[in-house]
There are 2 protein chains.
Amino acid sequence: MTSTPGAVDMPEDGELKTPDRLRRRASRLLSHMSAKSDRLVTEGLARVDAHRWHYAVLASLEEYGPGSQATLSRRTGIYRSDMVGVLNELAGRGLVERAPDPGDRRRNVITITAQGRRLLRRLDKILDDLHDELLAPLLPAERDQFVRLLTRLLDHHTHQARPAP
Amino acid sequence: MTSTPGAVDMPEDGELKTPDRLRRRASRLLSHMSAKSDRLVTEGLARVDAHRWHYAVLASLEEYGPGSQATLSRRTGIYRSDMVGVLNELAGRGLVERAPDPGDRRRNVITITAQGRRLLRRLDKILDDLHDELLAPLLPAERDQFVRLLTRLLDHHTHQARPAP
DNA sequence: CCGTTGCGTTAGTCGAACTAACGATGTACA
DNA sequence: TGTACATCGTTAGTTCGACTAACGCAACGG
């Protein structure tokens with residue numbers, strides 16, 4: 001029975017405050033921080049007309065050398081359906097080169113160009129700055145630990161529960 | 001045998017391994033862990049025919065009492081456009097009640113029902129279990145610290161950079 | 001030789017976040 | 001008092017990223 005007086009007065013606090021049980025849930029924290037981080041990075045890269053994907057592919061190419069599109073897909077986690085478009089863009093800007101693999105004609109071999117490397121350095125710098133902003137409230141040691149904890153979590157889940165690639 | 005000198009040989013490592021600079025980026029770690037966590041929670045709740053949103057609204061109602069749809073929107077972060085549908089579902093199942101506010105005829109006052117509270121407890125239990133799975137590789141103390149770090153990050157970004165409500 | 005597997009590609013689904021606009025109502029104040 | 005402006009619930013629609021389905025082609029294995 002809500003006929004008691006004051007049924008409909010909401011405490012001014014309750015207007016803005018998010019419930020504690022909600023705020024503490026790691027899943028919610030993760031999802032919100034990830035959203036924030038995504039926006040930050042996406043906007044930061046958009047300012048130089050780049051995409052998360054571009055960075056991932058270029059970094060993968062520089063670190064492990066040329067590879068087929070499928071290989072890049074697996075390394076970066078970008079679906080091979082989407083990889084096509086990403087590589088079209090990168091190739092269109094002269095950041096990578098796409099050539100048929102002489103040894104296996106199903107494959108394209110993707111190679112990073114000098115220009116690609118140059119952009120990669122620039123993006124690396126930009127991302128460093130963005131991460132400074134992202135992790136601003138944490139001390140250096142805390143940032144390290146944060147990254148370590150996240151890494152352990154992710155490793156656990158990617159190595160253990162590999163669903164069905 | 002690749003007859004061309006070294007042109008197309010990719011080190012077997014490079015097939016699977018994600019570049020280090022990529023793997024260490026907090027933004028990437030966050031985004032992947034968040035995806036994992038989202039899947040886990042979404043699937044877990046789907047098993048009892050519930051949604052993340054349902055939980056958020058019910059928790060908010062129990063913790064801060066009844067409120068208008070707009071209020072719930074602000075508390076939970078669910079857009080008020082989407083709130084309509086969520087409340088339709090909740091009301092359809094008798095988990096909340098929607099009544100016109102006698103004091104302000106623009107508003108509906110949303111109240112949680114006894115049944116709603118019962119479901120909330122059940123969902124709380126389910127989420128606890130899912131979080132155990134999510135944070136499995138971390139020791140209790142580490143889980144706490146992880147949550148603390150995340151909380152500080154999120155607080156920083158939500159209180160400082162409030163874009164345009 | 002043939003069934004299976006991997007490749008690049010096109011097209012399209014799905015769900016979540018978000019915007020735009022609306023009618024009805026409430027508030028502030030000249 | 002009137003009138004400009006803000007807020008509420010709601011409908012509709014956009015955007016974008018993750019993901020599926022299916023294809024034609026080439027390579028591999030028995």
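Per chain, numbering begins at 1; letters A, B, ... match sequence-line order.
Residues B/R98 and A/R105 each lie close to DNA chain D; by heavy-atom proximity, the contact nearer the 5' end of the strand is made by B/R98. Summary of the strand contacts: A/R52 and A/R106 both lie near DNA chain D, and taking for each the nucleotide with the nearest heavy atom, the more 5' one is attributed to A/R52.
Nucleotide D/dG17 holds its P atom 13 Å from the CD atom of A/E43, rounded to whole Å. For the pair B/R28 CZ and D/dG17 P, the computed distance is 15 Å after rounding to whole Å. Summarising the geometry, the separation between CG on A/D104 and C1' on D/dA27 is reported as 6 Å, rounded to the nearest angstrom. Look at CE on B/M83: it is 14 Å from P on C/dC18, rounded to the nearest Å. Following rounding to the nearest Å, A/Y79 (OH) and D/dT20 (P) show an atom-to-atom distance of 4 Å. One atom, CG of B/D38, and another, C1' of C/dC14, lie 15 Å apart when rounded to the nearest Å. Summarising the geometry, the separation between CG on B/L30 and P on D/dG17 is reported as 18 Å, rounded to the nearest angstrom. Protein atom CD1 of A/I78 is 18 Å distant from nucleotide atom C1' of D/dT20, rounded to whole Å.
Under 4.0 angstrom from either OP1 or OP2 of D/dT7 there lies no side-chain N or O belonging to B/R74. Between D/dC19 and B/R39, a contact under 4.0 Å exists linking OP1 or OP2 to a side-chain N or O.
Taking 4.0 Å as the cut-off between side-chain N and carboxylate O, B/D124 and B/R117 do not count as a salt-bridged pair. Under the 4.0 Å criterion applied to side-chain N and carboxylate O atoms, B/R152 and A/E142 are assigned as salt-bridge partners.
The side chain of A/R80 has C/dC7 as its nearest neighbour among D/dG17, C/dC7, D/dT10. Taking only side-chain atoms of B/S81, from C-beta outward, the nucleotide of C/dA16, C/dG26, D/dT11 with the closest atom is D/dT11. Taking the side chain of A/N108 as heavy atoms from C-beta on, and the options C/dA17, C/dG26, C/dT9, the nearest nucleotide is C/dT9. Checking C/dG8, C/dA17, C/dG26 against the side-chain heavy atoms of B/D82 singles out C/dA17 as nearest.
Atoms CG and CZ, from B/L134 and A/R25 in turn, are 11.0 Å apart once rounded to the nearest 0.5 Å.
Nearest approach of B/T111 to B/L61, heavy atoms of both residues: C-CD1, 4.3 Å.
The side-chain heavy atoms of A/S31 and B/D38, taken from C-beta on, include a pair separated by under 4.5 Å.
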